[in-house]
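These notes concern the structure reproduced below.
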Amino acid sequence: MDNSDRNNDKNVDFIRQIIAEDIKNGKHSAPVTRFPPEPNGFLHIGHAKSICLNFGIAEENNACCHLRFDDTNPSKEEAAYVESIKKDVQWLGYEWGDNLFFASDYFDRLYDYAVELIRQDKAYVCDLSAEEIREYRGTLTETGKESPYRNRAIEENIALFHEMKEGKFETGSHVLRAKIDMASPNLNMRDPVIYRILKVDHHRTGSKWCIYPMYDYTHCLSDAIEGITHSLCTLEFEDHRPLYDWFLDTLKTPCHPRQIEFARLNLTYTVMSKRKILQLVTGCHVTGWNDPRMLTISGLRRRGYTPASIRNFCSEIGIGKKESWIDMGVLENSVRNDLNDTAPRVMGVLDPLKVIITNYPPEESEEIEAQNHPQKPEMGTRRIPFSREIYIERSDFMEDPPKKFFRLGPGREVRLRYAYFITCVSVIKDKDTGVVREIHCTYDPTTYGGNAPDGRKVKGTIHWVSAAHALSCEVRLYDRLFAVENPDADKEVDFKEHLNTDSLTVLTNCLVEPSLRQTAAGTSLQFERQGYFCLDIEDSKPDHLVFNRTVGLRDSWAKAQG
RNA sequence: UGGGGGAUGGUCUAAUGGCAAGACAGCGGACUCUGACUCCGCUUAUCAAGGUUCGAAUCCUUGUCCCCCAGCCA
């Protein structure tokens, strides 16, 4: 085996290995997976990992992945979330075809299954209060006590359960419990609640039900009803697998899917739980679910992340059972890689410094041809106006530069990208503050296009815009939302204490080349030498352009400066 | 102190008894009309101790550390 064989991509994760094995030995002809979100919030990058896994496996096997909403708790769920989740999954590039389901579609069958459980003497109606149930459950080290209602007659249980369904009892007064084992070392097996009374309207079934099934009971049966072969979930459900199997072994279901657990995604400098993300939204620490600083799918989309970059990221980080922390830099790198290939290059100045080219005729201008992507000639060219007054980046000029500074300084010559060589001849400063107001340069007309006929070289090339032609715009720079790698690390300190107060910088005096006038919202561009930006899909208007910085270019000069 | 999991460079992933590999990060260099991209080179790892074996990250034993579980949430 040579190196090219050893290092190819045949290495697949343990879940795909299991599935390949099940197909090879004929257990299944094709896998059927599912992505089962609860419609109680927006999807985030952690869900993307699961989406890419489940839909990815289906795609690779020419099979189906179901989108199933786990909507068993109407007190937390809303139809609006359903729509946002569908949009996000589609945007990521996946399709569920006809396989759109809701756990609530199965409420009738779930009820019948529960009655069957009662008939088998495997479930009972319990009148204990929530607190009493907790006390009776025991602790991690002490076994539980059996409920006094555990040995009710089967017919009585059926009647009582029916009355629960008919709304005869108050919320919290009765539950249906599976009759398993109060002495089990696995707390999930100590007669878990499978139905509770909730006098709340459901976003799909309305007021039809006042009892709702619990997750453990609903999920395995929904999987079985849909013919799921492999039910992939995160590690915290490992302890629930015996219960998942117990329901399917006890009831006569069409099939018995296999639950496999994998580690959830953790990213540095962010929080991943829906509960905490909700707090950021409701506490107005961000502007909404789609704030570009958020790692929600909608936030990433608005920030300028591409579906491909997120898919690549998910495939890069792999699937395992070890809890791991992925460096935020890996995510950033994935979008840089994708946009480097696809984003057209343009010039934009974020912090403008005026330059007057003293030997250029005052009333004249000309057009310079520029490539839209230097490595991809097929992306074409555009024309950029040039004139006597231009703006450059303030950071591209230093009055007293160190020798390694390749940009503009008194007496120094640089190239204006695609245009001319210019040499700084004088610096105009504010009398009171000493701040540089403008600089005067001369240009060499023989260097049109950026090359000197005499063959002389300049080390630096800087970007610029023509003062008379540039479009003014707003640019929003984003930094990590949190100042520390793990905002959850200290249980004594609220994670919001670690919010990065400088996560958003709004620049209002930016200038971009006039070719951007008609750019469509959401378009990604590279501002040369700076980074990737996209036109904000919420706030940008034709007369007030707003760009989001998706991610900066790598900057070895800045890094060397410390 | 019950049960369920997990330990491979700074980070993530692979190697499924046979040369510890790749990516990210870091460092050095080349190239460059983007201090980008690209290319080249380098540093850094099998939790510990025993055992089985010609040979162990992998199998066995013992131990250590980390995570999850006591919702009528999912």
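Everything quoted here is computed from the prediction, not taken from an experiment. Note on naming: letters A, B, ... go to the chains in the order of the sequence lines (proteins, then strands), and numbering restarts at 1 for each one.
Across all strands shown, A/D216 has no heavy atoms under 4.0 Å from either base or sugar-phosphate atoms. Residue A/G329 is classed as having no contact, given no heavy-atom separation below 4.0 Å to the nucleic acid. Residue A/I317 is in sugar-phosphate contact alone, with no base atom involved, counting any heavy-atom pair closer than 4.0 Å across all strands shown. If you check every strand for non-hydrogen atoms under 4.0 Å, A/Y212 touches nothing. Within 4.0 Å (heavy atoms only), A/L128 reaches at least one base atom of the nucleic acid. At the heavy-atom level, A/Q526 lies under 4.0 Å from base atoms of the strands shown. Within the 4.0 angstrom heavy-atom criterion, base atoms lie near A/Q375. Across all strands shown, A/K274 has no heavy atoms under 4.0 Å from either base or sugar-phosphate atoms.
A salt bridge links A/D191 to A/R150: one of the charged nitrogens lies within less than 4.0 Å of a carboxylate oxygen. One finds no salt bridge joining A/R34 and A/D70 here, because no Lys/Arg side-chain nitrogen approaches an Asp/Glu carboxylate oxygen to under 4.0 Å. Electrostatic pairing of A/E413 and A/R456 counts as a salt bridge here, judged by a charged N lying under 4.0 Å from a carboxylate O.
Using a 4.0 Å cut-off, some side-chain N or O of A/K559 falls inside it from OP1 or OP2 of B/G26. Neither OP1 nor OP2 of B/A36 sits under 4.0 Å from any side-chain N or O of A/R336. Taking side-chain N and O atoms only, A/K457 has no distance below 4.0 Å to OP1 or OP2 of B/U32. The shortest distance between the side-chain N/O atoms of A/R196 and the OP1/OP2 oxygens of B/G71 is not below 4.0 Å.
Side-chain atoms of A/E77 and base atoms of B/A74 include no donor and acceptor less than 3.5 Å apart. The base of B/G71 lies outside donor-acceptor range of the side chain of A/R134, with no N or O pair under 3.5 Å. In the interface, the side chain of A/Q17 is paired with the base of B/U16 through a donor and an acceptor atom under 3.5 Å apart.
Among the nucleotides B/C12, B/U1, B/G35, the one closest to the side chain of A/T141 is B/U1. Candidate nucleotides B/C24, B/C72, B/G35 were compared by shortest atom distance to the side chain of A/V175, and B/C72 ranks first. In the set B/G35, B/C68, B/C37, the nucleotide with an atom closest to the side chain of A/D555 is B/G35. Across B/G6, B/U34, B/G35, the shortest atom-to-atom separation from the side chain of A/F405 is found for B/G35. Side-chain proximity of A/K76 to the nucleotides B/G3, B/G2, B/C73 is greatest for B/C73. Each of B/A25, B/C67, B/G2 was ranked by its minimum atom distance to the side chain of A/L187; first place goes to B/G2.
As rounded to the nearest Å, B/U43 and B/A20 have P atoms that lie 15 Å from one another. With both ends at atom P, the span from B/U58 to B/U46 equals 12 Å, rounded to whole Å. B/A36 and B/A25 are spaced 13 Å apart, taking the P atom of each and rounding to whole Å. One P atom belongs to B/C60, the other to B/G5, and the distance between them is 15 Å to the nearest Å. Taking atom P on both B/G22 and B/U44, the two are 15 Å apart, rounded to the nearest angstrom. Taking atom P in both B/C59 and B/A14, the straight-line distance is 15 Å, to the nearest Å.
Put simply, the residue from A/H373, A/E369, A/Q371 that forms a side chain to side chain donor-acceptor pair (under 3.5 Å) with A/T381 is A/E369.
The six-membered or imidazole ring of A/F547 lies away from that of A/F533, with a centre-to-centre distance of 6.0 Å or more. Aromatic ring centroids of A/F161 and A/Y195 lie under 6.0 Å apart. Taking the six-membered ring where the residue is Trp, the centroids of A/F247 and A/Y217 are separated by under 6.0 Å.
To the nearest angstrom, C1' of B/G35 lies 10 Å from CG of A/L553.
Nucleotide B/A7 forms a pair with B/U64, judged by Watson-Crick or G-U wobble geometry with both contacts under 3.5 Å.
The glycosidic torsion of B/G63 lies more than 90° away from 0, which places this base in the anti conformation.
Ring stacking is absent between A/Y215 and B/A74, as the pair misses the limits of under 5.5 Å between centres and under 30 degrees between planes.
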